[in-house]
Amino acid sequence: MSTDVEQRAAGRADRAATRPKKSNGQWKIDGREPLNGNEVFKAEDNGLNVRARIEEVYAKSGFASIDPDDLHGRFRWWGLYTQRKPGIDGGRTATLEPHELEDEYFMLRVRIDGGRLTTEQLRTIADISNEFARGTADLTDRQNIQLHWIAIEDVPEIWRRLEAVGLQTTEACGDVPRVILGSPVAGIAADELIDPTPAIEEISRRYIGDESLANLPRKYKTAITGHPSQDVVHEINDCSFVAVEHPEHGIGYDLWVGGALSTVPRFAERLGAWVAPDQVVETWLGVTEIFRDYGYRRLRNKARLKFLMAEWGPEKFREILETEYLGYRLADGPAPAKPLTEGDHVGVHRQADGKYYIGVSLIAGRASGTLLGQMVDIAEKYGSTRLRTTPHQKILFLDIPEDDIDAVVADLDAVGLSSRKDLFRRSTIACTGIEFCKLAIVETKQTAADTIATLEARLAEIDLPHPISLHLNGCPNSCARIQTADIGLKGQLVTTDDGEQKPGFQVHVGGGLASSDRDEAGLGRTVRGLKVTADDLSDYVETLVRRFLAGRSETETFSEWAHRVDDEELV
């Protein structure tokens, strides 16, 4: 009889003989040997374990004491990235090493699953911003709030304050389940199909911080909505649940898998499966575990779930999900209907209980500790204690009495928060940009603000049939979803006619999601050589908008027009 050692050796030999010549690093197929540096440090120590070292060692001994694998790897599991050192221009982004680009301060991402906030929680974030983050605060397009200028010595106290009011930074970054996007009007909208809050809360409570899911191949993004506007950009998330009514089973969710943008954009695909409300959590867990076990780990740039979906296709993915992970077959189900309303929730809207919520636009998500505090003051002045962040860098004020609407709108206007359907403020999104991000090449937030102000002054007389979305990204990674904007701008250095290099953008036109004014999701069109400097951006967008209005057919959207016309119309 062979020994256990001999049996294991024979098993390894058999597996080796059947492996592909180039392993993808799939745990269930290739074994768990780390195949790149990131996989090595994750195998050596779970990213969640770094919290103890931050609290007991690094916060006491300072930045210089931080182990490099913790600093550039495991810190992300607790929402911490080093920020860009001031004064390094975009031309040096790709030529300097990470330690040369980074400052001894951090971006800290506060995780807000479903965008649900109380005024007490937002007041806490505002106070942290003012005391520890030089007054910085940005609303992201994943419903988080990001702070900057955070010193390692202050992190334990910041955690204590956040967790005292039910907030966390756990797995806000890293190769983990990131924040769960949820409908900002969950549980309050008069036209909601189903409230996804119980599912979002159960996933967060049971699985965020669970060591068994804390080493995924790369980041993993989830979105769940019960609102007919499909307000969580489900087409570009790894795993999404979209409310739909089944002709036999009633209201449940349509399951989408494998979406993501970045440099290789791919839309999620429907599995054709109807998920009952009480099946959402275990179905989410099954999809997540498939990614953990079968996702590619050899190359970081191939490690997102979209690449596995591209190889398997939705039929095989569903089969594996049902047979290996769920143990039962999901019902077949219909696709959700096309949305008939905008998913950003800007404006004044009636709630199911007769009160109102008011959605307001910031300028490209830029806030401050002072502004967050003013938001709390306004909400509480009118008896509201609930707010919601959105996947569009907006914020909603809930539970406003009808008699107070005009007064609330006026108070919001006074601090620069617009509930009007502004020409460009409403539809502009911008990433962090070179101000703080080590990957960025160009500035985004101030460029967006300047462009909005110029365009709304120059185009004040026009009446657009639909908002035209303008998304600015500081690098190719598409944190601001440039491929799905009407006008998407990818940051790069642009060489002018006289040979000078200036900050600018490659232009994508005509992108959009089904939750915008498109019939279906589609990527923006690129025109060879179509680039614009940051200085010329307002002129370019104004020209493009006027050409669209002059040349569109009666019912044509900007996206349809942009894909129809010749290249010359877009240059």
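Every value quoted in this text rests on a predicted model; they were computed, and no experiment measured them. Just so you know, residue 1 is the first one in the sequence shown, and it goes up from there. Any value given below was found using the heavy atoms of this structure, including those in side chains, with hydrogens, waters and symmetry copies removed.
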Is it true that [Y] and [X] share a donor-acceptor pair across their side chains at a distance under 3.5 Å?
X	Y	value
T533	D536	yes
H148	E435	no
T82	K438	yes
S469	D486	yes
S204	R111	no
E120	T118	no
N301	R218	no

Side chains of [X] and [Y] in contact at under 4.5 Å (non-hydrogen atoms):
X	Y	answer
L455	L423	no
T451	F424	no
L362	Q393	no
N237	T222	no
I145	L122	yes
C479	N473	yes
V155	L108	no
I378	V415	yes

Problem set entry | CA sep, side-chain torsions, deciding dist, call: F241, H234, side-chain contact (heavy atoms from CB on, under 4.5 Å) | CA-CA 8 Å; F241 298 85; H234 62 277; over 6 Å; no
In Å and rounded to the nearest 0.5 Å, what is the [atom1] to [atom2] distance from [X] to [Y]?
X	Y	atom1	atom2	value
F436	T444	CZ	OG1	10.5 Å
T454	E456	OG1	CD	10.0 Å
L472	T447	CG	OG1	7.0 Å
I395	Q143	CD1	CD	10.5 Å
H471	H392	NE2	NE2	8.0 Å
I188	R350	CD1	CZ	13.0 Å

Thinking salt bridges, do [X] and [Y] make one under a 4.0 Å N-O criterion?
X	Y	value
D377	R123	yes
R546	E461	yes
K221	D238	no
R458	E542	yes
K306	E269	no
K355	D353	no
E171	R76	no
K381	D404	no
R426	D344	yes

Within 6.0 Å of [atom1] in [X], more than 12 heavy atoms from elsewhere:
X	atom1	value
D406	CG	no
E554	CD	no
D498	CG	yes
K531	NZ	no

Exercise. Which of these, T119, V409, L412, D411, sits in a side-chain contact (heavy atoms from CB on, under 4.5 Å) with F397?
Worked result: L412
For this session: Let me know which of L80, V179, N144, L147 forms a side-chain contact (heavy atoms from CB on, under 4.5 Å) with R109.
Result: N144
Seminar exercise, completed: Hits for salt bridge (Lys or Arg N to Asp or Glu O under 4.0 Å) against E556, two or more places apart or cross-chain, chain-then-number order -> R564
For this session: Take L464 and V545, measure what side-chain contact (heavy atoms from CB on, under 4.5 Å) needs, and give me the verdict at the end.
Result: CA-CA 9 Å; L464 288 174; V545 170; 4.1 Å; yes
Between [X] and [Y], which heavy-atom pair has the shortest distance, and what is it?
X	Y	result
G512	F267	O-CZ, 4.4 Å
S559	G510	OG-O, 2.7 Å
P228	D191	CD-O, 3.3 Å
R366	D138	NE-OD1, 2.5 Å
D89	I434	C-CD1, 4.0 Å
D195	A186	OD1-CB, 3.6 Å

Problem set entry | Parallel, tilted or perpendicular: rings of F558 and F548 (30°, 60°) | perpendicular
Exercise. According to the interplanar angle, ranging from 0 to 90°, do the rings of Y105 and W149 count as parallel (below 30°), tilted (30 to 60°) or perpendicular (above 60°)?
Worked result: perpendicular
Short question: side chain of [X], backbone of [Y] - any donor-acceptor pair under 3.5 Å?
X	Y	answer
E560	T557	yes
T169	A172	no
D154	I150	no
S262	V264	no
H349	V346	yes

For this session: Assess whether side-chain contact (heavy atoms from CB on, under 4.5 Å) is satisfied between R525 and V509, documenting all intermediate values.
Result: CA-CA 5 Å; R525 168 185 177 185; V509 289; 4.3 Å; yes
For this session: Run the numbers on H227 and H345 for ring-ring contact (aromatic ring centres under 6.0 Å, His included), then give the verdict.
Result: CA-CA 11 Å; H227 195 263; H345 303 297; 5.3 Å; yes
For this session: Dump the intermediate steps for side chain to side chain donor-acceptor pair (under 3.5 Å) on S384 and D399, then the final yes or no.
Result: CA-CA 6 Å; S384 172; D399 308 324; 4.6 Å; no
For this session: Taking side chain to side chain donor-acceptor pair (under 3.5 Å) as the test, write out the residues that go with Y81, two or more places apart.
Result: none
